[in-house]
Participant: 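Dropping a structure here in structure tokens format, bear with me for questions.
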Amino acid sequence: MTVTAAPPAPVSGPPAPRAGRARHRAITFALLAPAGLTVLALVLVPLVLVVRNSFALPDAYGGIKGGFTLANYTELFDPVYLKVFGYSLGMAALNTAVCLLLGYVVSYWLAGRPPRRQGLLLLLIIVPFWTDFLVRTFAWINLLSPGGPVNGLTDALGVTHGPAQWIPSQGASFVGLVYAFLPTAIFPIYATLRGVDPSLGEAARDLGCGWWRVHTRVLLPLVRPGLLAAALLTFIPTLGVFVIPVLLGGGKNQLVGNLIVTLYTEFRNQPMGAAASVVLLVLMIASVAVLGTAAGRLRRRTS
């Protein structure tokens with residue numbers, strides 16, 4: 001008796017992945033479409049319009065006449081405007097340096113507190129910034145005004161005698177800038193410093209390192225990513241601030257943001273204001289590129 005074996009069942013291959021890929025792409029597109037349309041409508045389209053207007057001719061009333069010219073950019077090389085750009089870069093650099101120094105000190109102190117207290121201390125730093133930006137700026141006007149609380153404190157310490165005129169002034173404007181951007185410097189540094197093992201500092205002290213070397217040789221190299229992030233979050237917004245120099249500085253020393261507002265509103269020269277806005281954007285992109293290059297070099301050194 002001959003037994004014939006049944007033929008093997010055909011092995012079906014894996015299902016074609018095209019339908020799954022198409023469905024995945026459709027879902028991804030549907031999820032990203034609202035954000036993409038928002039960025040397109042509120043960021044890209046206005047940016048293109050500003051760049052186009054920066055090359056346009058102004059009409060008799062300061063509007064956009066059309067055409068194409070480079071005069072809006074060449075006029076910005078006037079010493080008056082170059083002084084504003086130079087002052088803005090210097091003030092932004094000084095504000096960034098002070099915020100990094102104070103931010104590191106505060107972050108180091110916070111990281112050394114018990115974990116239960118750190119959250120409360122961070123909340124105390126955030127709470128004042130729940131109020132409106134203008135309200136906080138006007139509060140500094142009251143604090144620094146002649147006969148105000150700060151003036152009363154300096155009189156009690158014997159530093160001043162009678163009402164002191166501290167506002168409007170360049171110093172008051174700088175104090176407002178430090179106050180406005182110090183929290184943005186504290187949080188990145190604190191987040192990086194919190195991940196550093198405290199035993200590293202203790203080991204360095206046991207090996208004979210003093211306070212200065214513990215920070216410069218051990219802690220600061222480990223906290224550099226947070227410092228770079230804090231510098232980026234401080235330097236770039238400082239360039240575009242216009243409320244603080246007006247209210248606390250009296251508008252005597254303008255930043256680029258004040259120049260743009262002046263060109264649009266007082267001079268009624270929209271094309272030139274658009275050109276100043278493009279120059280400010282280029283400065284911000286250059287700042288990001290410099291800090292990004294520094295971060296890349298730091299990453300390659302540590303790897």
Side-chain angles (χ1 to χ4, degrees), residues 79-109 124-129 131-155 157 159-160 163-190 226-262 276 279-280 283-284 286-288 290-291:
V80 175
Y81 300 120
L82 290 179
K83 181 180 178 181
V84 174
F85 285 105
Y87 175 77
S88 300
L89 291 173
M91 185 63 73
L94 181 60
N95 183 44
T96 301
V98 174
C99 287
L100 289 181
L101 177 61
L102 296 178
Y104 177 79
V105 173
V106 175
S107 300
Y108 178 78
W109 182 79
L124 294 177
I125 297 175
I126 298 174
V127 165
F129 293 84
T131 58
D132 186 73
F133 184 78
L134 287 175
V135 174
R136 290 185 278 116
T137 306
F138 278 110
W140 274 106
I141 295 177
N142 295 327
L143 289 173
L144 298 176
S145 61
V150 177
N151 195 179
L153 178 61
T154 55
D155 286 343
L157 296 176
V159 178
T160 58
Q165 189 66 33
W166 289 332
I167 188 171
S169 66
Q170 186 176 0
S173 178
F174 180 72
V175 170
L177 290 174
V178 173
Y179 169 77
F181 295 105
L182 182 58
T184 60
I186 291 177
F187 293 119
I189 300 174
Y190 167 77
L227 293 174
L228 291 175
L232 183 65
L233 295 174
T234 304
F235 183 84
I236 292 179
T238 304
L239 290 174
V241 169
F242 67 94
V243 174
I244 293 177
V246 170
L247 296 180
L248 298 181
K252 298 178 181 179
N253 297 291
Q254 294 187 348
L255 298 178
V256 183
N258 303 111
L259 175 63
I260 295 172
V261 174
T262 301
V279 172
L280 176 60
L283 291 176
M284 292 181 176
S287 304
V288 173
V290 170
L291 292 176

Participant: Give, for atom CG of Leu177 and atom CG of Leu182, the distance between the pair rounded to the nearest 0.5 Å.
Facilitator: 12.0 Å
Participant: Got a second to check how far Thr131's OG1 is from Phe138's CZ, nearest 0.5 Å?
Facilitator: 13.0 Å
Participant: Among all residues two or more places apart in sequence or in another chain, which pass the side-chain hydrogen bond (donor to acceptor under 3.5 Å, both in side chains) test with Thr238?
Facilitator: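 Applying side-chain hydrogen bond (donor to acceptor under 3.5 Å, both in side chains) to Thr238 gives Asn95.
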Participant: Do Ser107 side-chain atoms and Ile186 backbone N/O form a donor-acceptor pair below 3.5 Å?
Facilitator: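 Side chain of Ser107 to backbone of Ile186, a donor-acceptor pair under 3.5 Å: yes, one is there.
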Participant: Just checking Tyr87: does its OH atom have more than 12 heavy atoms from other residues, nucleotides or ligands closer to it than 6.0 angstrom?
Facilitator: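 Enclosed: over 12 neighbouring heavy atoms sit under 6.0 Å from OH of Tyr87.
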Participant: Distance check, rounded to the nearest 0.5 Å: Trp166 atom CH2 versus Thr154 atom OG1?
Facilitator: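 Nearest 0.5 Å value for the CH2-OG1 distance: 3.5 Å.
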Participant: Please determine whether side-chain contact (heavy atoms from CB on, under 4.5 Å) holds for the pair Leu100 and Thr96, giving the CA-CA distance in whole Å, both sets of side-chain angles, and the decisive distance to 0.1 Å.
Facilitator: CA-CA 6 Å; Leu100 289 181; Thr96 301; 4.1 Å; yes
Participant: For a 4.5 angstrom cut-off between non-hydrogen side-chain atoms, does Leu233 reach Phe187?
Facilitator: no
Participant: Please report the shortest heavy-atom distance between Ala276 and Ile260, naming the atom on each side.
Facilitator: CB-CG1, 3.9 Å
Participant: Just by modelled atom types, is the Leu255 backbone N or O under 3.5 Å from a matching donor or acceptor in the Asn258 side chain?
Facilitator: yes
Participant: I need the Leu89 CG to Phe235 CZ distance, nearest 0.5 Å.
Facilitator: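 So the gap between those two atoms works out to 5.0 Å.
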Participant: Is Leu280 close to Leu239 at the side-chain level, that is, under 4.5 Å between some pair of heavy atoms?
Facilitator: yes
Participant: Can you tell me how far the CD atom of Gln254 sits from the CE atom of Met91, to the nearest 0.5 Å?
Facilitator: 12.5 Å
Participant: Checking side-chain contact (heavy atoms from CB on, under 4.5 Å) for the pair Ile244/Phe174: CA distance, chi angles, key distance, verdict?
Facilitator: CA-CA 9 Å; Ile244 293 177; Phe174 180 72; over 6 Å; no
Participant: Can you list everything that forms a side-chain hydrogen bond (donor to acceptor under 3.5 Å, both in side chains) with Tyr179? Sequence neighbours excluded, please.
Facilitator: none
Participant: Does the side chain of Leu259 come within less than 4.5 Å of Tyr81's, by heavy atoms?
Facilitator: yes
Participant: Identify the heavy atoms of Ala185 and Cys99 that sit nearest to each other, and give their distance.
Facilitator: CB-O, 3.7 Å
Participant: Is there a side-chain contact between Val175 and Leu248, using heavy atoms and a 4.5 Å cut-off?
Facilitator: no
Participant: So how far is it from Leu143 CG to Asn151 CG, rounded to the nearest 0.5 Å?
Facilitator: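 Nearest 0.5 Å value for the CG-CG distance: 11.5 Å.
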Participant: Locate the shortest heavy-atom distance separating Phe133 from Ala180; write the atom from each residue and the value.
Facilitator: CE1-CB, 4.0 Å
Participant: Which pair of heavy atoms, one from Pro168 and one from Gly249, lies closest together, and at what distance?
Facilitator: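 Taking every non-hydrogen atom into account, CB-C, 3.6 Å.
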Participant: Check whether Ser173 reaches the backbone of Gln170 with its side chain - one donor and one acceptor, N or O, closer than 3.5 Å.
Facilitator: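 Absent.
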